[in-house]
S.K.: 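Can you keep this structure in mind? I'll have questions shortly.
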Number of protein chains: 2
Amino acid sequence: MSTVKDVAQRAGVSVGTVSKVLSRNPTVKPALRERVMHAVDELGYKPNLAARALRTNKVNVIGLVVPDISNPYFAQLVKCVEAEASKQGHMVMMVNTDDDPAIEITQINALLAQSPHGLIVIGSTERDMEPIKTEVPIVSLDRRFLNYKLISADHVGGSAQVAEHLFHLGHRRIAYISGQLSTEVGRLRKQGFCDRLTALAGRTASLELTSIEGQFDYTSGDEIARRLLSVDADKRPTAIATASDQQAIGVLRAARDLNIDVPQQLSIVGFDDIILAELVVPRLTSVSQNTVEMARLAVHCLLSEAALSPQDHVIDTVLKERGSTAAPCQA
Amino acid sequence: MSTVKDVAQRAGVSVGTVSKVLSRNPTVKPALRERVMHAVDELGYKPNLAARALRTNKVNVIGLVVPDISNPYFAQLVKCVEAEASKQGHMVMMVNTDDDPAIEITQINALLAQSPHGLIVIGSTERDMEPIKTEVPIVSLDRRFLNYKLISADHVGGSAQVAEHLFHLGHRRIAYISGQLSTEVGRLRKQGFCDRLTALAGRTASLELTSIEGQFDYTSGDEIARRLLSVDADKRPTAIATASDQQAIGVLRAARDLNIDVPQQLSIVGFDDIILAELVVPRLTSVSQNTVEMARLAVHCLLSEAALSPQDHVIDTVLKERGSTAAPCQA
DNA sequence: CTGAAAGCGCTTACAG
DNA sequence: CTGAAAGCGCTTACAG
């Protein structure tokens, strides 16, 4: 590999000048700039990023911490983050934490050792711990990490939209399958749903609302749904709202196994609007998050000091009404 | 941040000695080692990786190039690669290429600029181009990139297993939905399936085998299946094999929409055995790849010179027989 | 406007 | 067995 020295020699200038040309320092005369650029091309010079990092103490790398990359929603987020970082000339260094706080902290330290430009954490730990000792800016995305600024969808508002949708369709016996209530997102989604539903019902009709805590995954939705649906038809819920599309797809499968027609006998709503939501049968009504915007903001916060205000950023959601919801049948 | 210099001062030794302790150089006396380690702990010293990289010209980073991280199969591979790299003390720098050869080459160059320890490429480009000009070892994973050594599942063998499975169940009117035949994996899977099936049929019964080229995604499976199934029941295939689980799930959906029972009236087989394969209804018979082993080998090849032999590595597959396949009904 | 020189933090022959 | 010193490739005040 050729170095600035080689380029300088070839162009007949000093290494300082080469460096200035490369950093677009405008105080270099056009003629010299030309000579240098020419030498760069001839030699196929590529700057040594390690040397630059050592000198400037900054590197065009963003660290990304993900609980589970094989979760399709996180995969989508990761894709958006990578795209935005790439657009801003940054590389993404990704680690997986298996949703384990111990691994998370180890991985974050490994990432920080690389002295990245910033860290985006989809959190697994939200305990009220002291912040990490580092100069590197940190922002949490989707799920809060410690007390760092969070960029996330409007979980409360999105769930409230679901509540309105089901209520206005006429459902009154409704079950909600939440995510882990130890997580902020689990609590917010449940709260948004239950609060709005109770508020709506308060001034009209009687409401039977069951809420069961689950995990965000397929199997959890499947298992809980089987329990909820294994009662007489006039007792079981006419609608099940969930905290994730995975859960909802689990519910869909349980309903299928139990010969309960969706949406005729049971309406189902998911959350996240993963790609798969449009590909199951029937297509899943779900709350869509603007992952592109979330990723954009997260990257932006890290790269511009100004944008790293302490307030959280909440991004609006959109309810996608599809085939898995309908008015309850008049049995 | 404290440096080797601070540690040296604190321990009352030279920086060279500190460095030797840190690199477990055995020629350091235990007493000194103790003193140094103590100083390291007291100061919370963390080595500056950029400086180390500059000096040694090696860095504990592996570059990973993925066509589309939101593809669940790739997500699973990425997860395994990250886990293995992490186990070997390496970070993963990941880029997405959107399956676009132009973006792929740009991204690879960006990655190489970081002088990583090695590059794992899930390829989008297999044209016979000259190799990249770099010292960095490169290996292709799952899909070949240029002419670099490939680590992949046994596509031919896996597809042959599917052919045997369907044939032995008694299917004789069979359709195959391939991936893009411009891709090596698309060709190999199709070839493995068709060759074995033809061979089996050759010495027993008449066989009607239709093969249609598709893409590896959900919609492709859905659309092609609709075409294949929109004929009289005694004309349509009793089994459809596909080149990916996504396609198979598309087929499943098409069959559902057309009121064709799976597996009674139609058997379906996927490929890749993504997590979702066990979560659709009925559970999908699919060819399982050993992604853990593939990832392990890929990382291993990059980190040990010895392992980077030029021969490709083909990893055995396992056919997972599930609910989506059965003997054809005796209509 | 350009060059000479210092220095980022580390590792590694080389002396002693 | 330990230390002094050079040097990885770059950037950046500072002189001129």
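First the proteins, then the strands, lettered A, B, ... as listed; each starts at 1.
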S.K.: For Ala51(B), enumerate each residue passing the side-chain contact (heavy atoms from CB on, under 4.5 Å) test, keeping only those at least two apart in sequence or located in another chain.
M.R.: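 For Ala51(B) the side-chain contact (heavy atoms from CB on, under 4.5 Å) partners, ignoring immediate neighbours, are Leu54(A), Asn48(B).
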S.K.: Figure out the CG/P separation between Leu22(B) and dC10(C), and round it to whole Å.
M.R.: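 In whole Å, dC10(C) P lies 8 Å from Leu22(B) CG.
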S.K.: Polar pairs (N or O, both sides) under 3.5 Å between protein and nucleotides 14-16 of chain D?
M.R.:
none

S.K.: How would you label the contact of Thr56(B) with the nucleic acid (heavy atoms, under 4.0 Å): base, sugar-phosphate, or nothing?
M.R.: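 Here Thr56(B) touches the backbone only, sparing every base.
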S.K.: Of all residues at least two apart in sequence or in a different chain, which pass the side-chain contact (heavy atoms from CB on, under 4.5 Å) check with Ala53(A)?
M.R.: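 Per chain and number, Ala53(A) pairs via side-chain contact (heavy atoms from CB on, under 4.5 Å) with Val59(A), Ala50(B).
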S.K.: Give me the stems containing DNA chain D, sorted by first residue, counting only three or more consecutive Watson-Crick or G-U pairs with both distances under 3.5 Å; say none if there aren't any.
M.R.: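 Stems found: C:1-3 with D:14-16, C:5-12 with D:5-12, C:14-16 with D:1-3.
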S.K.: Considering residues at least two apart in sequence or located in another chain, which fulfil the side-chain contact (heavy atoms from CB on, under 4.5 Å) criterion with Thr134(B)?
M.R.: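 In terms of side-chain contact (heavy atoms from CB on, under 4.5 Å), with neighbours along the sequence ignored, Thr134(B) is linked to Leu112(B), Ile132(B), Val136(B), Ile138(B).
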S.K.: Can you pull the salt bridge (charged side-chain N to carboxylate O under 4.0 Å, His left out) pairs that have at least one residue in residues 42-57 of chain B, sequence neighbours excluded?
M.R.: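 For residues 42-57 of chain B: Arg10(B)-Glu42(B).
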S.K.: Under the salt bridge (charged side-chain N to carboxylate O under 4.0 Å, His left out) rule, what pairs show up with a residue in residues 105-125 of chain B, not counting sequence neighbours?
M.R.: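 Checked against salt bridge (charged side-chain N to carboxylate O under 4.0 Å, His left out) - neighbours excluded - no pair reaches residues 105-125 of chain B.
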S.K.: Given atom NZ of Lys5(B) and atom C1' of dA4(D), what is their separation to the nearest angstrom?
M.R.: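 To the nearest whole Å, that distance equals 14 Å.
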S.K.: Would you indicate which nucleotide in dT2(D), dC8(D), dC10(C) comes nearest to any side-chain atom of Leu54(B)?
M.R.: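 Taking heavy atoms from C-beta onward, the closest nucleotide is dC8(D).
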S.K.: Once ring pair (Phe, Tyr, Trp, His ring centres under 6.0 Å) is applied, do any residues pair with Tyr148(A), and if so which ones, sequence neighbours excluded?
M.R.: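 In terms of ring pair (Phe, Tyr, Trp, His ring centres under 6.0 Å), with neighbours along the sequence ignored, Tyr148(A) is linked to Phe145(A).
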S.K.: Say you draw a straight line from CG of Asn71(A) to CG of Asp217(A); how long is it, rounded to the nearest 0.5 Å?
M.R.: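 The CG atom of Asp217(A) is 9.5 Å from CG of Asn71(A), to the nearest 0.5 Å.
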S.K.: What pairs of residues pass the salt bridge (charged side-chain N to carboxylate O under 4.0 Å, His left out) test when at least one of them lies in residues 74-97 of chain B, not counting sequence neighbours?
M.R.: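 Applying salt bridge (charged side-chain N to carboxylate O under 4.0 Å, His left out) to every pair that reaches into residues 74-97 of chain B, excluding sequence neighbours, yields Asp68(A)-Lys79(B), Glu84(B)-Lys87(B).
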S.K.: Please give, in whole Å, the distance from dT12(C) P to Lys58(B) NZ?
M.R.: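 Spelled out: NZ on Lys58(B) to P on dT12(C) is 13 Å.
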S.K.: For residues 25-39 of chain B, which residue pairs qualify under salt bridge (charged side-chain N to carboxylate O under 4.0 Å, His left out), counting only residues two or more places apart or in two chains?
M.R.: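 Every candidate salt bridge (charged side-chain N to carboxylate O under 4.0 Å, His left out) pair involving residues 25-39 of chain B fails, so no pair, neighbours aside, qualifies.
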S.K.: Test Glu184(A) against Arg187(A) for salt bridge (Lys or Arg N to Asp or Glu O under 4.0 Å), laying out the working first.
M.R.: CA-CA 5 Å; Glu184(A) 185 177 32; Arg187(A) 288 191 298 274; 5.6 Å; no
S.K.: What does Leu32(B) touch in the nucleic acid at a heavy-atom separation under 4.0 angstrom: a base, only the sugar-phosphate, or nothing?
M.R.: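 The residue Leu32(B) makes sugar-phosphate contact but no base contact.
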S.K.: Which residues, if any, of residues 12-19 of chain A bring a heavy atom under 4.0 Å of DNA chain D?
M.R.: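 The answer is Gly16(A), Ser19(A).
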S.K.: Ser14(A): which residues meet the side-chain contact (heavy atoms from CB on, under 4.5 Å) condition with it, sequence neighbours left out?
M.R.: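 By the side-chain contact (heavy atoms from CB on, under 4.5 Å) rule, Ser14(A) matches Thr17(A).
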